[in-house]
Enquirer: 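Have a look at the structure that comes next, please.
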Amino acid sequence: MKFKRTIVITGGAGFIGSHVVRLFVNKYPEYKIINLDKLTYAGNLANLKDIEDRPNYRFVKMDICDFDAFYQLMQDEHVDGIIHLAAESHVDRSIKDPFTFARTNVMGTLSLLQAAKLYWESLPEGYDGKRFYHISTDEVYGALEMNHPEGIEPPFTTKASSGAHHAAYGDDFFYETTKYNPHSPYSASKASSDHFVRAFHDTYGMPTIVTNCSNNYGPYQFPEKLIPLFINNIRHRKPLPVYGKGENVRDWLYVEDHTRAIDLIFHQGTVAETYNIGGFNEWKNIDIIKVVIQTVDRLLGRTEGEDMDLITHVTDRLGHDARYAIDSSKLQKELGWEPSLQFEEGIEKTVRWYLDHQEWMDNITSGEYEKYYESMYAGR
Ligand code: NAD
Ligand code: TYD
């Protein structure tokens with residue numbers, strides 16, 4: 001079959017990547033979608049069971065640092081688009097092992113850029129019709145002030161809803177123009193990769209786009225991240241390790257809202273632009289944790305809130321960023337994107353998914369991973 005385009009999605013076996021692959025495979029049968037993933041601890045092909053037999057889908061197990069293999073793939077498949085999500089993505093792991101983050105996130109991204117450059121520049125049409133779309137994080141901007149630790153009424157929220165949970169906790173946001181100021185080895189490595197991507201546009205004219213998104217939540221997230229970890233622990237009545245006082249603020253977006261934005265920006269975004277993606281949805285960790293406990297309890301038929309005593313304050317994360325909050329109005333105004341779900345709906349949907357997919361969770365939490373996980377938190 002002849003395809004209209006061939007797009008490589010890196011990191012497609014991970015959390016966000018699997019949603020992007022699913023969306024593109026289903027929505028664009030005229031595109032060939034190649035999921036390129038090394039299958040690290042975070043990559044799981046079970047995330048894509050429903051689409052693995054589609055004629056427009058191919059999985060390639062590859063390390064993004066393998067320049068020769070990727071250059072060959074570009075040539076063999078006539079790749080004209082790259083959506084790059086493969087990364088080491090967990091801040092706590094980056095604190096323990098920064099080298100792996102520099103290798104994959106910085107050198108891996110550079111390797112993809114260089115291979116794409118050599119291949120695209122070898123074609124008669126050059127960069128025409130090509131795209132290198134790099135998925136990054138709001139964490140590159142550093143941390144915002146907590147000017148209003150108690151929260152203020154929500155002038156910034158897209159859909160005002162009752163309760164202090166939706167209040168903003170500061171006076172400022174991260175804008176596309178905010179100066180980079182990463183603090184963790186993870187965010188430093190992502191910042192560095194963002195700079196390389198922009199440098200390839202500015203130096204060689206490669207048609208690149210970078211987006212910086214806030215914290216995602218939803219199905220298929222690896223259970224080392226706050227929300228799936230806590231849902232699983234509540235189910236099994238295991239302690240919930242809250243770092244420090246739990247006062248840190250994150251801006252949460254349902255993963256399918258992120259993937260809709262990625263689709264829109266890949267097709268309609270302006271080359272060399274940056275777009276911030278976020279839901280205007282700031283929450284303190286401790287407030288999210290309470291909602292998750294109530295939701296899990298309710299859906300399991302327990303008394304709502306009976307598992308609050310699982311909350312266990314542990315030693316804070318080193319260099320823990322106080323607050324993230326994204327201003328996504330550029331994306332909303334220029335491309336007409338907006339988040340589709342209220343947070344309460346998104347959390348309900350997410351908790352329900354994890355409770356209904358216990359087998360998916362058990363496969364991950366059994367065996368080697370469990371041992372690693374325990375060693376990560378030993379002494380906390
Ligand atoms: P994830 O950890 O769930 O998945 C990462 C995927 O990349 C895995 O499938 C893994 O096997 C693959 N991978 C890792 N190293 C690789 C390598 N060397 N070669 C090939 N594949 C490799 O991550 P995620 O949460 O889905 O994040 C995806 C991207 O989105 C990352 O670039 C991350 O920085 C960015 N991002 C994530 C969030 C979030 O809240 N999760 C928010 C904003 C941006
Ligand atoms: P996480 O899901 O790791 O995302 P990120 O660090 O990229 O924001 O963590 C979200 C917030 O939850 C962050 O402030 C750290 C905190 N946290 C805990 O309190 N306990 C935990 O066990 C984890 C994983 C995170």
Side-chain angles (χ1 to χ4, degrees), residues 9-21 35-45 47-48 60-66 69-70 83-95 100-101 103-105 107-109 111-112 134-140 143 184 186-187 189-191 193-194 211-218 220-230 233 239-253 255 258-259 262 276-278 283-286 288-289 311-317 319-324 326 373 376-377 380:
I9 297 176
T10 71
F15 165 46
I16 303 172
S18 64
H19 288 273
V20 180
V21 168
N35 171 11
L36 187 161
D37 201 295
K38 183 184 175 183
L39 299 182
T40 66
Y41 78 93
N44 185 356
L45 289 176
N47 297 357
L48 290 164
V60 176
K61 186 173 179 332
M62 192 186 286
D63 186 335
I64 56 166
C65 299
D66 188 342
F70 185 64
I83 305 179
H84 175 36
L85 296 107
E88 291 291 338
S89 67
H90 190 44
V91 174
D92 293 329
R93 286 181 190 253
S94 82
I95 293 167
T100 305
F101 282 69
R103 179 187 179 277
T104 290
N105 298 358
M107 292 305 291
T109 301
S111 183
L112 296 179
H134 176 62
I135 308 298
S136 191
T137 166
D138 60 355
E139 303 190 26
V140 298
S184 73
Y186 164 64
S187 54
S189 68
K190 290 296 289 187
S193 63
D194 296 6
T211 56
N212 299 85
C213 189
S214 61
N215 284 60
N216 284 216
Y217 69 99
Y220 299 113
Q221 186 166 30
F222 196 80
E224 64 185 350
K225 305 281 168 64
L226 181 75
I227 291 180
L229 173 70
F230 278 34
N233 283 13
L240 307 175
V242 178
Y243 300 165
K245 291 186 182 154
E247 303 268 288
N248 304 65
V249 169
R250 297 291 181 266
D251 181 353
W252 293 90
L253 184 68
V255 62
H258 187 189
T259 52
I262 291 172
N276 279 355
I277 310 173
W283 284 69
K284 279 187 183 174
N285 291 341
I286 193 71
I288 292 221
I289 290 161
I311 291 177
T312 308
H313 291 274
V314 297
T315 313
D316 209 351
R317 175 185 277 173
H320 198 170
D321 285 336
R323 175 176 168 256
Y324 303 146
I326 274 276
Y373 166 75
M376 288 269 294
Y377 294 101
R380 275 193 183 279

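Computation of the quantities below employed the complete heavy-atom set of this structure, encompassing side-chain atoms and omitting hydrogens, waters and symmetry-equivalent molecules. All ligand and atom numbering here is 1-based and tracks the order in the structure.
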Enquirer: Taking distance alone, with no angle check, do L36 and ligand 1 share an N/O pair under 3.5 Å?
Expert: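 N/O-N/O distance below 3.5 Å does not exist for this pair.
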Enquirer: Compute the shortest N/O to N/O distance between C213 and ligand 1 and return yes if it is under 3.5 Å, no if not.
Expert: no
Enquirer: Heavy-atom distances under 4.0 Å decide this one: backbone, side chain, both or neither, for V314 against ligand 2?
Expert: neither
Enquirer: Measure from NZ or CZ of R93 to the centre of the six-membered ring of Y41, then state whether that distance is under 6.0 Å and the direction lies within 45° of the axis.
Expert: yes
Enquirer: Record the part of L226 in heavy-atom contact with ligand 2 below 4.0 Å; permitted values are side chain, backbone, both and neither.
Expert: both
Enquirer: Does the N or O separation between D37 and ligand 1 drop below 3.5 Å for any pair?
Expert: yes
Enquirer: Please confirm whether H258 comes within less than 3.5 Å of ligand 1 when only nitrogen or oxygen atoms on both sides are compared.
Expert: no
Enquirer: Determine whether the side chain, the backbone, both or neither of R250 has a heavy atom under 4.0 Å from any heavy atom of ligand 2.
Expert: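 Side chain only.
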Enquirer: Can you find an N/O atom of N216 closer than 3.5 Å to an N/O atom of ligand 1?
Expert: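 Yes; the residue has a nitrogen or oxygen that sits under 3.5 Å from a nitrogen or oxygen of the ligand.
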Enquirer: Contact between F230 and ligand 2, counting heavy atoms under 4.0 Å?
Expert: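 It does, in that a heavy atom of F230 comes within the 4.0 Å cut-off of ligand 2.
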Enquirer: Give the numbers and elements of all ligand 1 atoms closer than 4.0 Å to a heavy atom of N215.
Expert: 40 (O)
Enquirer: Below the 3.5 angstrom mark, is there an N/O of N285, backbone or side chain, next to an N/O of ligand 2?
Expert: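 Min N/O separation from ligand 2 is below 3.5 Å for N285.
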Enquirer: Under 4.0 Å from ligand 2, counting heavy atoms only, is it the side chain of L229, its backbone, both or neither?
Expert: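 Within the 4.0 Å criterion, L229 contacts ligand 2 through side-chain atoms alone.
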Enquirer: Can you find an N/O atom of A86 closer than 3.5 Å to an N/O atom of ligand 1?
Expert: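 No, there is no polar N/O contact under 3.5 Å.
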